[in-house]
Amino acid sequence: MTFVTVTAALLLALGDGAAPAKPPGPGSPPTSASPSAKDPAALKLLRRMCDRLQAAKTFTVRGRVSLELPVADGTLATFFNEYDTAVRRPDGLAAHRVGDLHDFRFAYDGKTMTVFVSGTGRWGTTAAPPTLDAMLPVAGEEGGLNMPFDEFLVADPCAAIMAGAREVVVTRPATIRGKKVEHLVLSGPRIRIEYWIDPATALPARALVVYVDEPQQPHFQADVAEWRIDPKLPASTFSLPRPKGATQVEFRQAAGEFQ
């Protein structure tokens with residue numbers, strides 16, 4: 001909403017629509033249907049990233065995203081946005097996106113989910129389930145808010161990440177902003193996911209999704225400028241009161257400004 005946004009369209013079942021597996025215990029390897037297609041070194045790297053995210057009670061992440069969307073005659077164009085996301089497990093999410101697409105804010109506090117689009121002045125809110133895992137699919141159903149990289153938000157990141165993966169490999173290391181990072185690639189019938197993971201923190205410095213089942217294979221990429229793990233976040237972080245002058249509309253109408 002990633003945003004990473006935080007946001008965006010990886011819902012709980014990545015790749016093939018299957019439900020996430022039962023959460024494995026910390027330190028256990030991710031489950032897979034075809035172990036021979038999964039590099040043990042890649043699984044170890046992925047598990048370390050998942051454990052780091054799963055253990056965080058709160059976190060914030062900010063950076064820049066790019067995504068490809070169809071324009072006019074269906075040709076893909078790339079749009080860039082800055083994002084800022086805050087998470088409180090199990091029941092808090094706040095995200096802000098600004099850039100080429102609509103300035104878009106989203107907030108969830110365990111009881112309601114709310115959106116505000118400053119460019120149109122539209123504000124909408126609706127009741128929501130009590131956990132992030134339950135809220136994310138409802139946000140998709142009721143508002144079309146399918147948030148890329150929401151596998152970082154759920155209670156069991158690895159179960160979400162591995163749901164549609166057929167192959168998992170580590171390729172050659174890369175360099176991002178002068179830092180050496182590990183490069184992990186997951187492939188499935190619908191999407192390819194790549195993570196560039198900082199070995200010092202076990203957190204992704206970059207993430208990429210390519211929708212390989214689409215004819216044009218559009219991409220969504222998030223570059224991370226900063227992670228903060230377990231910061232103190234006041235309850236107000238996850239509220240979005242109606243701004244002065246904003247027009248209240250149905251949640252679906254306001255959420256429809258998100259792409």
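In this text, all values refer to a predicted model and were calculated from it rather than measured experimentally.
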Between Lys179 and Asp198, is any pair of side-chain heavy atoms under 4.5 Å apart? yes
Between Leu233 and Leu153, is there shared hydrophobic-cluster membership here, with clusters defined by ILVMFWY side-chain heavy atoms closer than 4.5 Å? no
Same cluster or not: Tyr211 versus Leu76, using hydrophobic residues (I, L, V, M, F, W, Y) connected whenever any side-chain heavy atoms lie under 4.5 Å apart? no
Do Val98 and Trp123 belong together in a cluster built from hydrophobic side chains that touch within less than 4.5 Å? no
How close do Val212 and Pro189 get, counting heavy atoms only, and between which atoms? CG2-O, 3.9 Å
When you compare the side chain of Leu186 with that of Met162, does any pair of heavy atoms fall below 4.5 Å? yes
Indicate yes or no for a side-chain donor-acceptor contact from Gln54 to the backbone of Ala155 under 3.5 Å, with no hydrogens or angles considered. yes
Could you tell me the separation between the CG atom of Asp156 and the CD atom of Glu151, rounded to the nearest 0.5 Å? 12.0 Å
Gln216, CD atom: more than 12 neighbouring heavy atoms under 6.0 Å: yes
Counting only N and O atoms by type, is there a donor-acceptor contact under 3.5 Å from the side chain of Arg48 to the main-chain atoms of Pro199? yes
Which residue, Arg105, Met113, His96, forms the side chain to side chain contact (heavy atoms under 4.5 Å, CB included) with Leu240? Arg105
Between the main-chain N or O of Asp100 and the side-chain N or O of Asn81, is there a donor-acceptor pair closer than 3.5 Å? yes
Run through Leu208, Leu184, Thr175 and flag the one making a side chain to side chain contact (heavy atoms under 4.5 Å, CB included) with Trp196. Leu208
Main-chain N/O of Arg166 paired to Lys38 side chain as donor or acceptor, under 3.5 Å: yes
Among Leu101, Val209, Thr78, find the one that has a side chain to side chain contact (heavy atoms under 4.5 Å, CB included) with Leu67. Leu101
Linking I/L/V/M/F/W/Y whenever any side-chain heavy atoms sit under 4.5 Å apart, do Phe251 and Phe238 land together? no
As an exercise, state the distance from CZ of Phe104 to CG of Leu145, rounded to the nearest 0.5 Å. 5.0 Å
Side chains of Ile229 and Leu203: closer than 4.5 Å at any heavy-atom pair? yes
Answer whether the closest heavy-atom distance between the side chains of Met135 and Leu93 falls below 4.5 Å. yes
I want to check something: taking the side chain as every heavy atom from C-beta on, are Val169 and Val185 in contact at a cut-off of under 4.5 Å? yes
Minimum heavy-atom distance Ala222-Val65, with the two atoms named: CB-CG1, 3.8 Å
Mind jotting down which residue pairs meet the ring pair (Phe, Tyr, Trp, His ring centres under 6.0 Å) criterion with at least one end in residues 153-174? Sequence neighbours excluded, please. none
Main chain of Ala128, side chain of Glu142: is a donor-acceptor contact present, judged purely on distance under 3.5 Å? no
Just wondering, do Phe79 and Val71 contact through their side chains at under 4.5 Å, heavy atoms? yes
Rounded to the nearest 0.5 Å, what separates atom CG in Leu132 from atom CZ in Phe152? 14.5 Å
Heavy-atom pair of closest approach, residues Gly124 and Ala254: N-CB, 3.9 Å
Is any side-chain heavy atom of Ile191 closer than 4.5 Å to one of Phe220? no
Quick check against the 3.5 Å criterion: does Asp91 have a side-chain atom that pairs as donor or acceptor with the backbone of Asp109? no
Could you tell me which non-hydrogen atom of Pro218 sits nearest to which non-hydrogen atom of Glu68, and how far apart they are? CA-OE1, 3.3 Å
Looking at Ala225, is its backbone amide N or carbonyl O close enough to the side chain of Arg62 to form a donor-acceptor pair, meaning the two atoms are under 3.5 Å apart? no
Heavy-atom closest pair (Pro157 atom, Leu53 atom, distance to 0.1 Å) is CG-CB, 4.2 Å
Establish whether Val181 and Ile161 are linked, either directly or via other cluster members, by ILVMFWY side-chain heavy-atom contacts under 4.5 Å. no
Could you give the distance from CG (Asp133) to CZ (Arg89), rounded to the nearest 0.5 Å? 8.5 Å
Looking at Tyr83 and Val61, would you say the former's side chain and the latter's main chain have a donor-acceptor pair under 3.5 Å? no
Using a strict 4.0 Å threshold on nitrogen-to-oxygen distance, state whether Arg190 and Asp213 make a salt bridge. yes
Can you tell me how far apart CG (Leu45) and CE (Met49) are? Round to the nearest 0.5 Å. 8.0 Å
Smallest heavy-atom separation, Ser239 atom then Ala107 atom, equals C-CB, 4.0 Å
Is the side chain of Arg97 donor-acceptor paired with the backbone N or O of His102 at a distance under 3.5 Å, no angle test? yes
Is a donor on one side and an acceptor on the other found under 3.5 Å between the side chain of Tyr195 and the backbone of Glu182? no
Salt bridge or not for Arg192 and Glu194, using N-O below 4.0 Å? yes
For the OG1 atom of Thr58 and the NZ atom of Lys232, what is their distance to the nearest 0.5 Å? 10.5 Å
Any donor-acceptor N or O pair under 3.5 Å, side chains Asp73, Thr75: yes
